[in-house]
Amino acid sequence: QVQPVESGGGSVQAGGSLRLSCAASGRTFSSYTMGWFRQAPGKEREFVAAIGRSGGIKNYADSVKGRFTISRDNAKNTVYLQMNSLEPDDTAVYYCAGRGEAILSTRARDYDYWGQGTQVTVSS
């Protein structure tokens, strides 16, 4: 299993950038598909991006496509989310999650391991 721990959140003005990191403990990190989700106050948790085991396959929510980039470094047991051109609607708690299947998923219920989340606030 993996235990994700997110970092890198903060406050930024619209148009700015942030890079989130997710360090995952466990010897078999490269066996897990990893994803980023976010949850804004009063809203359901929503899919942001996912990346396959080797990093070759990626999937993005339409709302972040072209602005966010997911990547991973299996040697460091870490997955990243580079967020550019941030908008106030990107304000949310961002969660890193892992699943032991090879197929990417956009559904939160398909992920078994979750971090505690990191707050991202974008002001206009």
Side-chain angles (χ1 to χ4, degrees):
Q1 64 181 26
V2 291
Q3 182 54 56
V5 178
E6 303 94 340
S7 62
S11 297
V12 64
Q13 289 190 327
S17 298
L18 283 173
R19 187 195 196 200
L20 304 184
S21 297
C22 171
S25 62
R27 298 179 182 178
T28 58
F29 175 75
S30 60
S31 298
Y32 291 83
T33 296
M34 301 298 294
W36 285 98
F37 290 78
R38 66 186 182 186
Q39 188 166 17
K43 295 186 177 181
E44 293 186 355
R45 192 167 297 190
E46 66 173 1
F47 170 76
V48 175
I51 189 167
R53 293 168 170 173
S54 67
I57 300 175
K58 304 174 184 180
N59 190 19
Y60 296 94
D62 287 343
S63 59
V64 307
K65 204 170 291 184
R67 300 188 298 122
F68 291 9
T69 302
I70 189 171
S71 62
R72 67 189 295 164
D73 184 340
N74 286 342
K76 296 182 178 179
N77 280 20
T78 302
V79 61
Y80 304 97
L81 186 67
Q82 178 67 43
M83 306 186 295
N84 299 329
S85 302
L86 283 161
E87 305 168 352
D89 284 348
D90 295 318
T91 295
V93 176
Y94 283 70
Y95 297 90
C96 177
R99 68 189 298 256
E101 302 293 332
I103 298 175
L104 302 189
S105 175
T106 64
R107 301 183 303 186
R109 64 176 182 267
D110 288 339
Y111 289 77
D112 303 305
Y113 307 101
W114 290 85
Q116 294 299 307
T118 185
Q119 176 71 46
V120 171
T121 302
V122 184
S123 58
S124 58

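- Without hydrogens or angle criteria, D112 side chain to R99 main chain gives no donor-acceptor distance under 3.5 Å.
- In this structure, V48 is a member of the same hydrophobic cluster as V12, with clusters built from ILVMFWY side-chain heavy atoms closer than 4.5 Å.
- For R38 and Y94, the side-chain atoms include at least one donor-acceptor pair closer than 3.5 Å.
- Minimum interatomic distance between P88 and A14 (heavy atoms only, all atoms of both residues): CD-CB, 4.1 Å.
- For the atom pair CZ of R67 and OH of Y60, the computed distance is 12.0 Å after rounding to the nearest 0.5 Å.
- When all heavy atoms of S21 and T78 are compared, the closest pair comes out as CB-CG2, 4.4 Å.
- Counting heavy-atom neighbours within 6.0 Å of Q13 CD, excluding the residue itself, gives a total of 12 or less.
- Summarising the local packing, NZ of K43 is surrounded by 12 or fewer heavy atoms from other residues, nucleotides or ligands at distances under 6.0 Å.
- S105 and D110 share a side-chain donor-acceptor pair at under 3.5 Å.
- Under the 4.5 Å side-chain heavy-atom criterion for Ile, Leu, Val, Met, Phe, Trp and Tyr, V79 and L18 are members of the same hydrophobic cluster.
- Checking side-chain atoms of N74 against main-chain N and O of R53 turns up a donor-acceptor pair under 3.5 Å.
- The closest side-chain heavy-atom distance from Q1 to Y32 is below 4.5 Å.
- Across every non-hydrogen atom of N84 and S17, the tightest pair is OD1-OG, 2.9 Å.
- Residues F37 and M34 do not share a hydrophobic cluster, defined by chaining ILVMFWY side chains whose heavy atoms lie under 4.5 Å apart.
- Both I70 and L86 belong to a single network of hydrophobic side chains, linked directly or stepwise wherever heavy atoms of I, L, V, M, F, W or Y lie under 4.5 Å apart.
- Scanning all heavy atoms of the two residues, the minimum distance from T91 to A40 falls at O-CB, 3.7 Å.
- Counting only distance, with no hydrogens or angles, the side chain of T33 and the backbone of L104 share no donor-acceptor pair below 3.5 Å.
- Rounded to the nearest 0.5 angstrom, R19 CZ and S7 OG are separated by 9.5 Å.
- Note that CZ of R72 is 13.5 Å distant from CG of L81, once rounded to the nearest 0.5 Å.
- One distance of note links CG of D90 with OG1 of T121; it measures 11.0 Å at 0.5 Å rounding.
- To the nearest 0.5 Å, atoms CD (Q3) and SG (C22) are separated by 9.0 Å.
- Under the 4.5 Å side-chain heavy-atom criterion for Ile, Leu, Val, Met, Phe, Trp and Tyr, Y80 and M83 are members of distinct hydrophobic clusters.
- Evaluation of the ring-ring contact (aromatic ring centres under 6.0 Å, His included) rule for F68 yields no partner, not counting sequence neighbours.
- Rounding to the nearest 0.5 Å gives a distance of 12.5 Å between CZ of F47 and CH2 of W36.
- Taking the six-membered ring where tryptophan is involved, the planes of W114 and Y95 are perpendicular, since the angle between them exceeds 60° and thus also 30°.
- Of the possible donor and acceptor atoms, one in the side chain of E6 sits under 3.5 Å from a partner among the backbone N and O of Q116.
- Heavy-atom contacts from other residues, nucleotides or ligands closer than 6.0 Å to NZ of K76 number 12 or fewer.
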